[in-house]
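One structure is given below, encoded as structure tokens.
Just so we're on the same page: letters track the sequence lines, and every chain starts at 1.
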Amino acid sequence: MARFGFKPALLPDYKGLRGDTSDNIKGIKGIGEKTATILITNFGTIEEMYKKLKKNPELFTAAGCSPRIIELLKNNEEEALFSKTLAKIRLDAPVDFVLPEKTFWENADLKKIETMFAKFEFRSLFIRLKNFFGKSEKANEEEFSRVLGSPAQDSFRERAQPDQLKNPLHLPSPIKLQEVSIALWLINSDISYPKLDDILLFAQVDNFQTAYDYILKKLKEDNLDKVYSEIEKPIMHVVREMEDYGILIDKKYFKNLSEEYHEELDKLTAKIYKIAGIEFNINSPKQMGEVLFGKMGIRVPSKSAKKGASGNFSTKVSILEDLEEENPIIKEILAYRELQKLLSTYIDVIPKMAGTDSRLHAKFLQNGSTTGRFSSQDPNLQNLPIKTELGKRIRNGFIAQKGHKLCAFDYSQIELRVVAMLSGDKKMTQIFHEGKDIHLGVASFVFGVPIDKVDKEMRRKAKVINFGIIYGMGVSALRKNLGGTREEAQKFYDNYFNQFSGVRDYMEKVKVSALKNSCTETLFGRRRYFPNINSKIPFLKNMAERTATNAPVQGTAADIIKLAIRYADEDLKKAGLLDRVHLILQIHDELVYEVDESVLEKVDKIIKNAMQGVLERSYLHYKTGIPLEVHSGCGDNFGEVK
DNA sequence: AGACTGCG
DNA sequence: CGCAGTCT
């Protein structure tokens, strides 16, 4: 208003006449800032102006327009209108871009920026940046307005809530945002890692502070405030520190590994082409299926290897493994698949993601799953290979700093212990209480033989069903995992639940309460909802039943390890060790720390104790005959820790 | 059961 | 977007 002398709404009209070189809008050649302003203030929009010009042009002479200007206007009506449409900001365009939930300056780490700027010798930029961060909030606002090219509007300040007063862009502080993100996720864990949008949507408001207050109030109403204040909130800073600290990568090691595996991959590729007698994209399951079962005429496994939903042959590992005897190409393909996976998912991407200091800062999302578990991304450090030798070698590339070791602490069989606790099953409790191997113990009961008479196959079967229990598996899924016939599986299943009737009753109880309440709870009260539990569609109902029985188990285990993170941090702090011990990974039942070698034994004791004592120490003061056993191991790299 | 990533 | 494959 002050600058132009007319309302902002008329800006497109202004630009339509005068043009705007920065936006490549022509306007009418010969009309400048002054004339345009006169025209707009006297006659309004371009459309209105032309109406008046056609009716009584003498008005224009009266307003002080020269005959030259009037002539220009008459000759350039079309150009003016076109320029105006260009200048208009289209509000109806399909935009799927949303403002990022955090701005660069909200979670900026001045230290990190400083080192980076120093490296690139961005001296003046750094001074400006320092000023920006150092100044009062008010000054920030001005600096930002300057950058954005539009003055902060007074009307906004009047409307603003206290929280927004400090912040010109409506942006909440990152910490409060994270708090409410976790709170909302506790209320409804299906909304994992809620963003600002999700938070505002849930609260049905457009003001952050209002949403914050609403969600924290609701948290309390839902009796989730203990889970929040005792489990989640106390580890927020530990998680942030874990991400900030990162993990050291041996880039050279990765480079060597990459070269070695790529060489092998090339050899395999050549072999496969040779055997197949044709070059094709081995990464394409479609082409692979056509080559194997079409061109090469390999027997199509009658079961599931027929045409899938999309009309393609299935070429997954389990099917290829059945065909290993049929043709030598299968073995090579399996090897190719493994190497390709390792290279493309881990070996060739992880070193690129580490900084110049070779530290990798993956994300650990405290509220990234529906059950209470963490998730990890960019990259996912919770699924580093371990099963195969070729895969395991990747772990050697994650190393400890000089003078340090990597120490891993893992809960042994935590989920089955949770099953035993939640169900109170006598026999399962007994096995754990006596410190016996759970698979041997279960096999002993199910097969009715003493523990020392349990053979490999019996233990294997017990292990399968133990996993099945955790996942809420039914008979058919059990048979699939067990191999053998339906009848065998059914018999085994019945036998198991006869022996462990406490587990059976518990599972039934969870299902019933899920049906009634549409939700289940962990030992600590973390909740998950199952809207499909009453569905008439069998697939959905069955799925809901499985997830409903799994959630309290997986979720309680998650509660326990989160508390362990908290207590370990508290105890290390008390011992004054926080500068010599840093949490670097959380892998569901395992915590990995980088530890200064001078305090290895002390730290081992402290962390183990904290982990084992979680239940009694928690606000539940939970007493149980089932010990939480923790195993630990140290090494120079992640491959060595176990 | 719960995740994440790469590929076509 | 679905599949495949890695982990707990």
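In this entry the distance linking CZ of A:Arg337 with P of B:dC7 reads 13 Å, nearest Å. One atom, CD1 of A:Ile394, and another, P of C:dC7, lie 9 Å apart when rounded to the nearest Å. Counting to the nearest Å, the P atom of C:dC7 and the CD atom of A:Gln586 are 17 Å from each other. Going from atom NZ of A:Lys363 over to atom C1' of B:dA3 covers 15 Å, rounded to whole Å. For A:Phe530 and B:dG2, the CZ to P distance is 8 Å, given to the nearest whole Å. Rounded to a whole Å, the CE atom of A:Met507 is 11 Å from the C1' atom of B:dA1. In this entry the distance linking CZ of A:Phe364 with P of B:dC4 reads 12 Å, nearest Å. Atom CG in A:Leu390 sits roughly 15 Å away from atom C1' in C:dG5 (whole-Å rounding).
Looking at the side chain of A:Asp378, the nearest of the listed nucleotides C:dC7, B:dG6, B:dT5 is B:dT5. The side chain of A:Ser284 approaches B:dG8 more closely than any other nucleotide in the set B:dG8, B:dT5, B:dA1. In the set B:dA1, B:dT5, C:dC7, the nucleotide with an atom closest to the side chain of A:Met543 is B:dA1.
Distances shorter than 4.0 Å separate some side-chain N or O of A:Asn283 from OP1 or OP2 on B:dG8. Note on A:Thr370: a side-chain N or O is less than 4.0 Å away from OP1 or OP2 of B:dA3. In this structure, A:Arg528 reaches the B:dG2 phosphate: one of its side-chain N or O atoms is under 4.0 Å from OP1 or OP2. At least one side-chain nitrogen or oxygen of A:Ser375 sits closer than 4.0 Å to the OP1 or OP2 atom of B:dC4. In this model, the phosphate group of B:dG8 is approached by a side-chain N or O of A:Asn281 to a distance below 4.0 Å at OP1 or OP2. Taking 4.0 angstrom as the limit, A:Lys387 places none of its side-chain polar atoms (N or O) nearer than this to OP1 or OP2 of C:dT6. An OP1 or OP2 oxygen of B:dG2 is reached within less than 4.0 angstrom by no side-chain nitrogen or oxygen of A:Arg373.
A:Val553 comes within 4.0 angstrom of no nucleic acid atom, judged by non-hydrogen atoms across all strands. Within 4.0 Å of A:Gln554, counting heavy atoms only, lies at least one base atom of the nucleic acid. Heavy atoms of A:Leu384 sit under 4.0 angstrom from primed sugar atoms or phosphate atoms, though from no base atom. When heavy atoms are screened at a 4.0 angstrom cut-off, A:Leu342 is found touching no nucleic acid atom at all. Among the protein residues, A:Asn383 comes within range of the nucleic acid bases, having at least one heavy atom under 4.0 Å from a base atom.
You'll find the ring centres of A:Tyr493 and A:Phe497 inside the 6.0 Å limit.
Rounding to the nearest 0.5 angstrom, the gap separating the CZ atom in A:Phe374 from the OG atom in A:Ser369 is 9.5 Å.
In terms of position along DNA chain B, the nucleotide closest to A:Ser189 lies nearer the 5' end than the nucleotide closest to the other residue of the pair A:Gln287 and A:Ser189.
Between A:Tyr245 and A:His582, the ring planes are parallel. Angles under 30° get that label, and only those over 60° would be called perpendicular.
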| request: Let me see the working for A:Arg337 and A:Glu321 under salt bridge (Lys or Arg N to Asp or Glu O under 4.0 Å), right down to the final yes or no. | output: CA-CA 12 Å; A:Arg337 281 258 180 94; A:Glu321 273 170 347; over 6 Å; no

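Residue A:Pro552 is tested with A:Thr371, A:Leu422, A:Asp559, A:Val418 for a side chain to side chain contact (heavy atoms under 4.5 Å, CB included); the sole match is A:Leu422.
If you check the side chains of A:Asp494 and A:Gln490, you find a donor sitting under 3.5 Å from an acceptor.
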